[in-house]
Amino acid sequence: MNKEQKFIETKEYKRFAEFCDACIKYKYIGICYGVPGVGKTLSSRYYTNWDNIEKQIAYKKADEIPLKTDGAILEANTIFYTAPAVRATKMTDNINTLGFRINMSKAMYKLHTTGEEEYYSDSYKDIDLIIVDEIDRLKLQSLEQLRDIYDQNNVAMILIGMPGIEKRLARYPQLYSRIGFAHEFDKLSKDEAHHILEYKWEELGLSIKLEDFSDYEAISNIIKITGGNFRLIQRLFTQIERILEINKLNTITTDVVEAARDSLVIGIK
């Protein structure tokens, strides 16, 4: 069975990507909100290629950079940052450091591959967008730090949080007046959940036969108990894979789905 989980570009992700593109184009602050598990963080990391970029800028010494970087670093023009749960006083410095590390990695990569020397003193040189996740954690003072970054630099910004964050931000007119777009990240539709489940079946090396009632029943059950929540589908399939391996099964049945659901500690009732 294939252990690697590839990102699936859902319709909701494509809507999110269009939202990000629009914020960049107009240099706006955007708000993205949605219930837990619909894919906000995963989509943000995919849009920014952050799983890859984060590794490339995680150097301890400058001479390590050529060993960590590849051509993808030259395309990096976004920063993904998760708001801290506590001690947000250094948030500005942390975001500045991410921008600086991206630019330093670009410069060292160019020097190593082409001999071109180019160093930037501006942390936001070539940075078009900053995405800040878990915005619900931040108080007014910390939100003011983000507003200052936006005001001082020619860069778009997206703030990601839970439903209701848009109403909370409306209480801070200095920040709210700079917000140009709002985007609600929805759950998967039934048809899209069905498409993702077909992909998950293939990921496990199995094929769906919709004419087989057991396959149809298993799919309907998964859609029902996950309610279109992307994270719950991922978690449920982790348990399904484990149960198939333990019991040496090669078919996903309703019994397997129910056993997988019962194995989850929280999240699916």
Side-chain angles (χ1 to χ4, degrees), residues 6-10 12-34 38-59 65 68-84 88 90-110 118-135 137-138 142-143 145-161 165 169 175 178-185:
K6 296 181 180 179
F7 184 84
I8 303 171
E9 292 193 10
T10 63
E12 194 57 36
Y13 167 75
K14 292 177 180 178
R15 289 182 62 234
F16 173 75
E18 290 172 357
F19 164 70
C20 293
D21 292 344
C23 287
I24 291 173
K25 180 178 179 180
Y26 295 103
K27 300 295 183 184
Y28 280 160
I29 294 179
I31 305 174
C32 176
Y33 56 92
V38 291
K40 303 184 299 296
T41 300
L42 196 63
S43 293
S44 298
R45 294 183 69 91
Y46 182 76
Y47 180 85
T48 58
N49 193 23
W50 201 248
D51 288 348
N52 184 9
I53 299 303
E54 187 175 35
K55 293 175 184 176
Q56 297 196 43
I57 64 175
Y59 57 84
I65 296 176
K68 287 180 172 287
T69 52
D70 58 37
I73 194 65
L74 299 180
E75 304 299 321
N77 65 341
T78 56
I79 293 172
F80 175 81
Y81 179 74
T82 302
K90 295 184 178 180
M91 186 169 60
T92 297
D93 290 341
N94 292 339
I95 296 175
N96 286 347
T97 297
L98 290 175
F100 173 80
R101 282 178 169 264
I102 288 174
N103 287 330
M104 175 62 78
S105 296
K106 287 182 180 181
M108 292 298 291
Y109 179 80
K110 289 179 180 178
E118 186 175 10
Y119 295 98
Y120 308 132
S121 58
D122 180 2
S123 292
Y124 300 105
K125 170 73 173 177
D126 294 338
I127 298 297
D128 295 325
L129 174 67
I130 301 170
I131 298 179
V132 183
D133 197 12
E134 304 285 359
I135 200 72
R137 296 173 171 177
L138 300 179
S142 301
L143 292 172
Q145 291 183 56
L146 296 178
R147 182 177 69 85
D148 188 61
I149 291 175
Y150 174 77
D151 286 347
Q152 297 298 322
N153 303 277
N154 189 30
V155 61
M157 186 175 289
I158 290 176
L159 311 178
I160 296 181
I165 190 63
L169 293 179
L175 175 64
R178 290 159 173 78
I179 294 172
F181 298 116
H183 173 75
E184 182 176 6
F185 210 110

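Keep in mind that what you see is a predicted model, and the values were worked out from it rather than measured. Sequential numbering from 1 along the given sequence is applied to the chain's residues.
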G30 versus C23, closest heavy-atom pair with distance: CA-SG, 3.9 Å

Contact check, side chains of R137 and P84, non-hydrogen atoms, under 4.5 Å: no

Within-4.5 Å side-chain heavy-atom neighbours: I95 and Q145: no

Nearest-0.5 Å distance that lies between atom OG1 in T78 and atom CD1 in I127: 7.0 Å

Where C32 and F19 come nearest, the two heavy atoms and their spacing: CB-CE2, 3.9 Å

Backbone of D70 reached by a side-chain donor or acceptor of Q56 within 3.5 Å: yes

Whether K106 side chain and A76 backbone form a donor-acceptor pair below 3.5 Å: yes

Non-hydrogen atoms of E134 and T82 that approach each other most closely: CG-CG2, 3.7 Å

Pairing of R15 and E12 as salt bridge, 4.0 angstrom limit: yes

Rounded distance [0.5 Å steps], CD1 in I130 versus CG in L146: 8.0 Å

Side chain to side chain contact (heavy atoms under 4.5 Å, CB included) between I102 and D126, intermediate numbers included: CA-CA 10 Å; I102 288 174; D126 294 338; over 6 Å; no

Side chain to side chain donor-acceptor pair (under 3.5 Å) between N96 and Y124, intermediate numbers included: CA-CA 8 Å; N96 286 347; Y124 300 105; 2.3 Å; yes

Pair F80-E54, side chain to side chain contact (heavy atoms under 4.5 Å, CB included): steps then yes or no: CA-CA 9 Å; F80 175 81; E54 187 175 35; over 6 Å; no

Results of side-chain hydrogen bond (donor to acceptor under 3.5 Å, both in side chains) for Y13 - residues two or more places apart only: none

Whether T48 side chain and R45 backbone form a donor-acceptor pair below 3.5 Å: yes

Pairwise side-chain contact, Y109 with I65, heavy-atom cut-off 4.5 Å (strictly under): no

Output side-chain donor-acceptor pairs under 3.5 Å for residues 150-158, partner residues at least two apart or in another chain, one line each.
| residue | atom | partner | partner atom | Å |
| --- | --- | --- | --- | --- |
| Y150 | OH | K27 | O | 2.6 |
| D151 | OD1 | R178 | NE | 2.8 |
| D151 | OD2 | R147 | NH1 | 3.1 |
| D151 | OD2 | R178 | NE | 3.4 |
| D151 | OD2 | R178 | NH2 | 3.3 |
| N153 | ND2 | I149 | O | 2.8 |

Residue pair M108 / I73, side-chain heavy-atom distance below 4.5 Å: no

Main-chain N/O of A72 paired to N49 side chain as donor or acceptor, under 3.5 Å: no

Side-chain heavy-atom pair L129, C20 within 4.5 angstrom cut-off: yes

Value rounded to 0.5 Å, distance of NZ in K25 from CZ in F181: 9.0 Å

Gap separating the CD1 atom of I57 from the CG atom of N103, nearest 0.5 angstrom: 10.0 Å

Minimum heavy-atom distance Y46-E9, with the two atoms named: OH-OE2, 2.8 Å

Straight-line distance of L175 CG to L159 CG, nearest 0.5 Å: 6.5 Å

Residue pair V132 / I135: nearest heavy atoms and the distance that separates them: CG1-CD1, 3.9 Å

Shortest non-hydrogen contact between R101 and Y59, atoms and distance: NH1-O, 2.8 Å

Min side-chain heavy-atom separation Y47-D21 under 4.5 Å: yes

Euclidean distance, I53 CD1 relative to T69 OG1, rounded to 0.5 Å: 10.0 Å

pair T41-W50: side-chain heavy atoms closer than 4.5 Å: no

Parallel, tilted or perpendicular: rings of F185 and F16 (30°, 60°): tilted

Sub-4.5 Å side-chain heavy-atom contact between I29 and I179: yes

